[in-house]
Structure formats: structure tokens, C-alpha cells
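To keep things clear, I will list the structure first and then write my remarks on it.
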Amino acid sequence: MDVSEKQILIVENNDSASMADVLHQDGFRVISVSTGEEAMLLLRESPMDVLIVDIDSPRTDGLELIHEAVSLYSNIIPIAITKGESPHGIVRAVRSGAADCIVLPTENEELCRIVRKAIFRAAIRPAKAATSNAGNLFGNIIGGSAAMQDIFQLIESVSKSNSSVLITGETGTGKEMIAQAIHANSNRREQRMVSVNCGAIPDNLLESEFFGHTKGAFTGAHQTRIGRFEQANKGTLFLDEIGNMSPSLQVKLLRVLQEREFERVGGSEKIKVDVRIIAATSSKLREMVERNEFRLDLYYRLNVIQIEMPALRERRQDIPYLARHFVAKYCDEASIEHKTITQEAMKIMMNCNWLGNVRELENVVERAIALMGNRTVVLPNDLPQEVQQSSSNNLFLSEIYIPDE
């Protein structure tokens with residue numbers, strides 16, 4: 001990622017004035033001001049990519065500035081500066097919307113590392129909503145539930161290795177976002193992550209998609225084309241819905257994983273690649289193995305590390321944060337003021353079984369924002385009948401705790 005494309009606004013006092021120089025020398029474009037008032041004037045005139053602000057400075061209401069900046073630009077990356085003797089500073093900053101914290105005193109290299117890390121994490125998400133204040137937000141993956149906290153820890157651990165990862169879970173649970181987070185936090189993050197939906201490409205074209213083809217290899221092959229493996233060299237190849245892969249292609253994929261080389265369709269040259277494989281499936285892959293529909297040896301090759309995504313109904317406490325995040329996202333896209341969700345509507349959403357999981361919840365929120373007109377609150381009648389019906393069948397959940405915005 002070219003950091004020189006990112007515009008940073010830093011609000012610093014005289015003691016920390018060297019921060020701007022350090023970031024500028026590291027290739028960033030930096031504008032420095034000394035007060036919160038100056039910062040807000042600049043932000044109202046033009047958007048910034050990154051805001052760095054001292055939340056302990058008496059000259060700047062840092063927490064309020066972060067809140068205002070995120071309200072103006074939902075995709076801005078706020079980074080808080082706090083003192084080492086302020087143990088609650090990080091907690092306050094994150095609750096206000098900060099993506100990371102710089103704890104003073106800090107080394108120059110650490111300062112640049114924190115800023116780069118925040119930018120890389122933000123690159124794998126669309127817009128970060130100010131109202132998405134769940135217990136954790138990893139990239140664009142929102143979740144304060146115990147199940148999601150465990151997954152965040154897994155992402156941190158497996159990102160450091162090159163082992164194959166198999167992500168399982170129902171449709172709509174966010175498997176591709178997990179793959180993106182693993183890649184973005186790995187030592188391959190400077191290289192490409194290439195995605196292949198094995199269920200969306202016709203079987204007769206999958207081999208060419210994976211390995212490429214030479215000119216004249218088949219009718220319509222008017223020129224040589226590199227495949228997804230070559231495109232992902234030194235990076236990550238994400239194989240979505242791996243359970244839909246044909247038996248013949250399973251054999252060829254296994255061979256590539258074993259030998260780290262392949263031939264283009266119609267060619268004889270051996271092409272070596274260094275690719276990390278992350279696969280995902282909503283199918284019961286182990287059952288497919290038992291029915292001889294999926295190769296056991298390929299299953300073990302892919303399933304070195306398994307991450308199982310929980311269904312949304314298994315982490316209902318995350319629904320308010322997700323719903324508010326999607327409300328903010330679609331209000332931003334429509335350039336309208338952020339709307340709120342009534343307790344009654346939120347209770348219905350928390351009671352719903354969401355067979356389509358997070359993707360279905362997002363679609364429902366998008367529909368509500370599009371159809372509710374100028375009203376400022378989402379009401380129960382803004383939700384589809386099937387959602388209301390699913391909720392009415394789960395009245396035993398009606399007293400579930402709904403956190404405030």
C-alpha cells in the first residue's frame with residue numbers, strides 16, 4: 001500500500017511536534033495543527049484519511065474531536081495519543097472510535113508501525129460506523145461476543161504462519177471477511193489476495209481460471225492468460241465454496257499444494273508458485289469426504305487450521321452493533337443523516353433466527369433505509385414480515401439485553 005496517498009492530520013502540542021516530521025520522513029503526507037479548533041476547521045474544509053490527536057492535552061478535547069471527525073467522515077482512521085501513566089486512556093479512546101493508540105513515550109519506528117497498521121486494517125473494510133462500538137472491531141468484523149473474541153484471537157495467531165486455513169460456517173456468516181483479515185495481518189499483506197468462488201465458475205472453465213492457459217489451448221483462447229495461482233504468487237489465494245470443486249480439479253489442486261508447481265492449460269512449462277491457501281465452505285466437508293464426494297487427502301491439506309464461524313443466532317448480543325453499523329453505512333451511502341433504531345425494532349431483530357446470517361441482516365437494514373423515507377427512526381413495520389414472524393416465534397428471548405447506542 002502506498003502510504004503517500006494518505007493524508008494525515010495530526011493535532012500535537014509543542015512536546016510532540018516531532019511526530020509530524022517522523023511521519024513525513026516515513027513517506028506520509030502530514031498536516032500539523034496545535035488545537036482542536038484548528039483541526040475541526042480543516043476537517044470541515046476537506047476530508048482527511050487519518051486523524052492523530054492527543055486525548056490528554058488540555059488544549060484539545062481529543063475524544064470529542066475523534067467523535068466529530070468520525071461523524072463527518074465515516075471512513076476516517078482516528079488514532080489517539082495518550083500518556084503511559086494514563087491506564088484508562090486506551091479504553092476511553094477506543095470507546096470514542098479510535099482505531100489504535102500511540103502510548104507516549106514511543107520510538108519513531110513504533111509510531112510509524114502503529115500508523116501503518118491502522119491504515120492496513122482499515123483497507124479491508126468499507127466504512128467504519130461511529131455507532132459500531134462493540135467489544136471489538138477487527139477490520140470490518142464486528143463482534144463483542146465470546147465466540148467472536150475467540151475468532152479474533154485465532155486470526156492474530158494464524159496470520160503469523162503460512163499454514164492453510166479452512167473457514168467453515170453457514171452462508172452469510174462472513175467467511176471471506178475472515179480470510180481478508182488473515183491476509184491483511186500476515187507477512188504477505190503487501191502482496192495480493194486473489195479470490196475464486198468455486199461455485200460461481202462453470203466446471204469446464206475452473207482449470208483455466210486456476211492455472212491459466214496458453215494461446216490456442218482451446219477455442220476462444222486467443223492469447224496466453226495467467227491464472228489465479230500466478231496472480232496470487234507471494235500472496236494469498238482464497239478458495240470460496242471449495243466443496244463445489246469437481247473431483248478432477250481436486251486432484252490437480254492437491255498436486256499443486258504438494259509440489260508448489262503446475263502447468264497452464266495447453267502448456268508444458270512448469271511454473272512454480274509461493275501461495276498461501278485459505279479455503280471456505282458452507283458445506284459439511286467432512287460428510288462429503290465420507291460420501292466420497294471430496295478427497296480425504298485434499299481435505300487434510302486444506303484443514304491444517306480450521307476456523308468455524310458461528311451463526312448470527314448464536315451470537316445475538318452482536319446484533320445491535322451490526323445493525324447500527326449497517327444503518328450508518330447505508331445512510332452514509334445515501335448522504336443522509338444517520339437514523340436510529342427503536343427498542344421495539346431492535347428487539348425484533350435480536351429475536352429473529354436470521355437463517356441468512358449477517359448478510360441477511362445487512363439486506364434487511366439496507367431495505368429499511370431505502371424505504372422509510374424522511375423518518376429518523378427505524379420502526380418494527382420497516383422490517384420484512386418474515387423477520388417479524390421469525391421474531392414472534394422466539395418470544396422467550398424478548399428480555400435479552402439491548403445495549404445503548
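Side-chain atoms are counted along with the backbone in the values below, which use heavy atoms only and exclude waters and symmetry mates.
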- From I31 atom CD1 to L51 atom CG, the distance as rounded to the nearest 0.5 Å: 11.5 Å
- Message: Could you walk me through whether R225 and E209 satisfy the salt bridge (Lys or Arg N to Asp or Glu O under 4.0 Å) test, starting with their C-alpha distance in whole Å, then the side-chain angles of each, then the deciding distance to 0.1 Å, before giving a yes or no?
- Response: CA-CA 9 Å; R225 177 183 179 275; E209 281 291 322; 3.6 Å; yes
- Task: For the pair W354 (side chain) and R316 (backbone), establish whether a donor and an acceptor sit closer than 3.5 Å, ignoring hydrogens and angles.
- Result: no
- Query: With a 4.5 Å heavy-atom cut-off, do M309 and M148 have their side chains touching?
  - Reply: yes
- Of all heavy-atom pairs linking E362 and K329, the shortest is OE2-NZ, 2.7 Å
- Query: Where the side chain of S390 meets the backbone of V387, is there a donor-acceptor pair that is under 3.5 Å apart?
  - Reply: no
- Item | Point-to-point distance, once rounded to the nearest 0.5 Å, from CG of N244 to CG of L239 | 12.0 Å
- Message: Return the CG to OG distance between D240 and S195, rounded to the nearest 0.5 Å.
- Response: 7.5 Å
- Item | Donor-acceptor under 3.5 Å (Q7 side chain, V50 main chain) | no
- Task: Would you confirm whether R276, through its side chain, and V165, through its main-chain N or O, come within 3.5 Å as a donor-acceptor pair?
- Result: no
- Judged by atom type as modelled, is there a donor-acceptor pair below 3.5 Å linking the side chain of D318 to the main-chain atoms of S145? yes
- Task: Measure across L166 and L285 and return the closest heavy-atom pair with its distance rounded to 0.1 Å.
- Result: CD2-CD2, 4.0 Å
- Query: Do the side chains of I52 and I8 get nearer than 4.5 Å, heavy atoms only?
  - Reply: yes
- Would you call R113-E107 a salt bridge at under 4.0 Å N-O? no
- Query: Which residues pass the ring pair (Phe, Tyr, Trp, His ring centres under 6.0 Å) test with F211, sequence neighbours left out?
  - Reply: F229, F262
- How many angstroms lie between CD in Q180 and CG in N185, if you round to the nearest 0.5 Å? 12.0 Å
- Task: Using a strict 4.0 Å threshold on nitrogen-to-oxygen distance, state whether D26 and R116 make a salt bridge.
- Result: yes
- Item | N/O donor-acceptor pair under 3.5 Å between K252 side chain and S248 backbone | no
- Sub-4.5 Å side-chain heavy-atom contact between M40 and L65: yes
- Backbone N or O of R375 within a donor-acceptor pair of the K339 side chain at under 3.5 Å? yes
- Task: Could I get the full list of side-chain hydrogen bond (donor to acceptor under 3.5 Å, both in side chains) partners for N187, not counting sequence neighbours?
- Result: none
- Mind checking whether T236 and Q191 have side chains closer than 4.5 Å, heavy atoms only? no
- Determine, step by step, whether R29 and D49 satisfy the salt bridge (Lys or Arg N to Asp or Glu O under 4.0 Å) criterion, reporting the C-alpha distance in whole Å, the side-chain angles of both residues, the deciding distance to 0.1 Å, and the verdict. CA-CA 10 Å; R29 294 162 54 209; D49 297 298; 5.4 Å; no
- Query: Which pair of heavy atoms, one from A181 and one from I141, lies closest together, and at what distance?
  - Reply: CB-CD1, 3.9 Å
- With rounding to the nearest 0.5 Å, note down the distance linking CG in N353 to CD in E386. 13.0 Å
- Item | Side-chain (T342) to main-chain (V378) donor-acceptor, under 3.5 angstrom | yes
- Task: Tell me, with the steps shown, if E261 and R255 meet salt bridge (Lys or Arg N to Asp or Glu O under 4.0 Å).
- Result: CA-CA 8 Å; E261 63 179 24; R255 188 179 302 125; over 6 Å; no
- Message: Are more than 12 heavy atoms, taken from residues, nucleotides or ligands other than E259, located less than 6.0 Å from that residue's CD atom?
- Response: yes
- Item | Under-4.0 Å salt bridge between R313 and E170 | yes
- Does a side-chain heavy-atom distance below 4.5 Å link E344 with I348? no
- Find out whether V358 and T173 are in side-chain contact, i.e. whether some heavy atom of one side chain is under 4.5 Å from a heavy atom of the other. no
- Whether R324 side chain and Y321 backbone form a donor-acceptor pair below 3.5 Å: no
- Task: Start with the C-alpha gap between C331 and E337, add the side-chain angles, then the distance that decides, and say whether side-chain contact (heavy atoms from CB on, under 4.5 Å) holds.
- Result: CA-CA 6 Å; C331 286; E337 184 179 353; over 6 Å; no
- For the pair E241 and S282, evaluate side-chain contact (heavy atoms from CB on, under 4.5 Å) and give the outcome as yes or no after the intermediate values. CA-CA 7 Å; E241 293 304 338; S282 56; 3.0 Å; yes
- Query: Under 3.5 Å, is there a donor-acceptor pair linking the side chains of T168 and Q306?
  - Reply: yes
- Message: If I compare all heavy atoms of F294 with all of I242, which pair ends up nearest, and what's the gap?
- Response: CE1-O, 3.5 Å
- Query: Which pair of heavy atoms, one from L361 and one from A323, lies closest together, and at what distance?
  - Reply: CD2-N, 4.2 Å
- Roughly how far, to the nearest 0.5 Å, is CG of L296 from CG of L254? 10.5 Å
- What residues, two or more places apart in sequence or in another chain, satisfy side chain to side chain contact (heavy atoms under 4.5 Å, CB included) together with L111? M19, V22, L23, I102, T106, V115
- Would you check, one step at a time, whether the test side-chain contact (heavy atoms from CB on, under 4.5 Å) holds for H338 with Y330? CA-CA 9 Å; H338 287 193; Y330 288 106; over 6 Å; no
- Item | N233/D274 under side-chain contact (heavy atoms from CB on, under 4.5 Å): CA gap, chis, key distance, verdict | CA-CA 5 Å; N233 191 33; D274 172 17; 3.9 Å; yes
- 4.5 Å side-chain heavy-atom contact, V196 and F238: no
- Do L253 and L298 come close enough that some side-chain heavy atom pair is under 4.5 Å? yes
- Item | Heavy-atom closest contact (G172 atom, N357 atom, distance) | O-CB, 3.4 Å
- Does R260 offer a backbone N or O that forms a donor-acceptor pair with the side chain of K272 under 3.5 Å? no
